[in-house]
Amino acid sequence: MPRLLPLRTKLGLSEPAKEADLLSVSTTPAQASATNRAQGCACSNRAINRNQPDDIEVLAEEMLTDWEPQITPVTAPVMEAIKRVEDYDQLRALLPQLLDKADVKKLTESLAQAGLMAYGTGVEGQE
């Protein structure tokens, strides 16, 4: 147990009694896979490539490639107001007016498209 001593010391824990039950890593191989095959588990018949991103990850990556042009019309009025005001209270008072100036069309369209594509991907996977 020499590997655990520094952690125990750091946490201020004492050494366990010699007869105490301790948690440890199992050294016997897991039998779950063999048990599943013996019981005819359908999950063992499907190969999964964990190195390939799933459809939602691909969709998210596509949607994030051009996020700046979508969010800039929303944040630009706020950034301009931050440059003009002298304190937080002034900025807070301007926020309702800034919401009216924000152009959310590109962002809204992009989010709606992503939602529809994600929904379609989910429905397709249920067949």
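All values below come from the heavy atoms of this structure, side chains included, with hydrogens, waters and symmetry mates left out.
Closest non-hydrogen pair, Q90 versus E86, comes out as OE1-N, 2.6 Å. Heavy-atom minimum distance, P73 versus P69: CD-O, 3.2 Å.
Hydrophobic clustering of Ile, Leu, Val, Met, Phe, Trp and Tyr side chains at less than 4.5 Å, counting indirect connections, keeps V74 apart from V78. Linking ILVMFWY side-chain heavy atoms closer than 4.5 Å, directly or via other members, places V85 and M79 in a single hydrophobic cluster. Residue I82 is grouped with residue L98 when hydrophobic side chains (ILVMFWY) are merged at heavy-atom distances under 4.5 angstrom, including chains of intermediate members.
One finds the NZ atom of K106 at 8.5 Å from the OG1 atom of T72 (value rounded to the nearest 0.5 Å). The OG1 atom of T108 lies 8.5 Å from the CG atom of D103; values are rounded to the nearest 0.5 Å.
Between K83 and E80, at least one side-chain N (NZ, or NE/NH1/NH2) sits under 4.0 Å from a carboxylate O, which counts as a salt bridge.
In this structure, D87 places its CG atom where more than 12 heavy-atom neighbours from other residues, nucleotides or ligands lie under 6.0 Å away.
Screening L99, L95, L94 against Q97 for a side chain to side chain contact (heavy atoms under 4.5 Å, CB included) leaves a single residue, L94.
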